[in-house]
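Remarks on the structure that follows.
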2 protein chains.
Amino acid sequence: MSYGTEHLAARLKAAREAKRLSQRELSALAGVPQSHISKIENNAVDLRVSSLSSIAHALDLELMLVPRKALPAIQSIVRSVSSAPVINAATQREIDRIREKVDALASHASSASIDNLQRRIREITQIPSQLDPDILQKVRRTLESIESSGSNEAVNRAVENIRSLRNQLAHRASSQETPRAPRPAYRLEEDQDG
Amino acid sequence: MSYGTEHLAARLKAAREAKRLSQRELSALAGVPQSHISKIENNAVDLRVSSLSSIAHALDLELMLVPRKALPAIQSIVRSVSSAPVINAATQREIDRIREKVDALASHASSASIDNLQRRIREITQIPSQLDPDILQKVRRTLESIESSGSNEAVNRAVENIRSLRNQLAHRASSQETPRAPRPAYRLEEDQDG
DNA sequence: CCGTGTGATATAGAAAAGTAGATCAAATGA
DNA sequence: TCATTTGATCTACTTTTCTATATCACACGG
């Protein structure tokens, strides 16, 4: 099932997650069955332009045909426009350090647990709430303990760590705002996919 | 047959014409039947993303999902990148004046002949050859004679006029270059579509 | 006027998308 | 522990693309 359009599927999924919508919610917005959205995100269908378009619109995205040679410039613009929300410098720096650690860990020895960890980290950086640098520092320390011990146990502990943090943040965010108010687009994560 | 994707169809057609490819030639490049390309350009199908993608690639275009709020900036980039080829200032000015005339004519009284005229004008500005300002001036004079007389006869004479000019240019161009050498992308015309 | 190239159209059939709807295991929160 | 929500995955059915191929009217140049 390769249609040469894998990046589109990934892009849609990333955009949906950045908006913190479930597939069913997006389904309602776009008028497309949840089962179909699942297939689309997993690149299991060669979808029609109308489907792509309606889903994209529900995610505040626009389908465009751009000249090859304009690609770099455009990608740069997209990056700058859909970057992470206001966040203070210390927090951003802490996030960057964590990402480095995780990437290092991943390149050293890839495993399902580490993939999981990477996903969690990405999720966290997409949460609109202001992140507490102290908490992030704690996360980093956990990561560093993994580096020294190298045990899979430690990785799983870190994942658990981050997951509960994420849940806290998500909860805090949803209780502060209108249940499903459209939020601005946050980091779309395609710049650290590979 | 409205799929909310009319602009894509128009874009593909414009891109193909800017490259001076026939539907059959594009068909060969993209691996899609000419009959299908015709339907696509006429917005008679809700095509699949893989089809759109392969045709786009054959035309040096890339399919992208861009954030709504990045649209203006991106469109500006696209315009600047896919602008008309080197052409001297006098010629460009003459072309602009002709376009104005035709637009005025079109808004005054629309007819099939005038639509035809508009298309011809657009075609001419896409031809890679250097246009002779003198010839263009002659075209404008013809247009002005239409303005005063208002006869449909005159319009048709102008169309004939321009058509032969176009054929001359096309012929000159194709005899100068490798039969179907890939040419740089010229003006994509979507900025004066409506 | 005649041959060629153009885009639009038709036919028939194979392949796939798309629909509504149910179910499932896993994660989560209470 | 229990109910809910998540995404993935089925079924059965309809609709449509897409392909290959041929034909059409028309514009064009020789």
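Lettering follows sequence order; numbering is per chain, from 1.
- Across every non-hydrogen atom of A:Ser27 and A:Val32, the tightest pair is OG-O, 2.5 Å.
- Looking at B:Ser54, its side chain does come within 3.5 Å of a backbone N or O of B:Ser50 through a donor-acceptor pair.
- Helix-axis bend for the helix from C:dC1-D:dG30 to C:dA30-D:dT1: the local axis fitted to the five terminal pairs at one end deviates from that at the other end by 50°, rounded to 10°.
- If you measure from atom CG of A:Leu21 to atom P of D:dT6, you get 10 Å, rounded to the nearest angstrom.
- Side chain of B:Glu25 to main chain of B:Ser22: a donor-acceptor pair is present (N/O by atom type, distance under 3.5 Å, no hydrogens or angles).
- Of the side-chain N and O atoms in A:Asn42, none sit less than 4.0 angstrom from OP1 or OP2 of D:dG7.
- When the side-chain hydrogen bond (donor to acceptor under 3.5 Å, both in side chains) test is applied to A:Ser76, no partner is found at least two apart in sequence or on another chain.
- As rounded to whole Å, 14 Å separates atom P of C:dG7 from atom CG of B:Leu12.
- Within the structure, a side-chain polar atom (N or O) of A:Ser38 is placed less than 4.0 Å from OP1 or OP2 of D:dA8.
- At whole-Å resolution of the value, NZ in B:Lys13 and C1' in C:dT6 are 11 Å apart.
- A straight line from CZ of B:Arg20 to C1' of C:dG5 spans 14 Å, rounded to a whole angstrom.
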Subject >> Heavy-atom protein contacts under 4.0 Å, nucleotides 16-25 of chain C, coded B base, S sugar-phosphate only, - none >> reply: SSSSSB-B--
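- Atom CD1 of B:Ile37 and atom P of C:dT9 are 15 Å apart (whole Å).
- In this view, A:His57 and A:Glu62 satisfy the side-chain hydrogen bond (donor to acceptor under 3.5 Å, both in side chains) rule, not counting sequence neighbours.
- Applying the salt bridge (charged side-chain N to carboxylate O under 4.0 Å, His left out) test to every pair with at least one member in residues 46-57 of chain B, sequence neighbours left out, gives no pairs at all.
- Scored by the side-chain contact (heavy atoms from CB on, under 4.5 Å) test, B:Ala70 finds A:Ile77, A:Val81, B:Pro67, B:Ile74 as partners (sequence neighbours excluded).
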Original post:
Between B:Leu21 and B:Leu59, does a side-chain contact (heavy atoms from CB on, under 4.5 Å) hold up when you go through it step by step?
Top reply: CA-CA 9 Å; B:Leu21 292 171; B:Leu59 294 169; 4.0 Å; yes
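- Salt bridge present: B:Asp60 and B:Lys19 bring a charged side-chain N and a carboxylate O closer than 4.0 Å.
- Side-chain N/O atoms of A:Ser22 include one lying less than 4.0 angstrom from OP1 or OP2 on D:dT6.
- The shortest distance between the side-chain N/O atoms of B:Gln23 and the OP1/OP2 oxygens of C:dA8 is below 4.0 Å.
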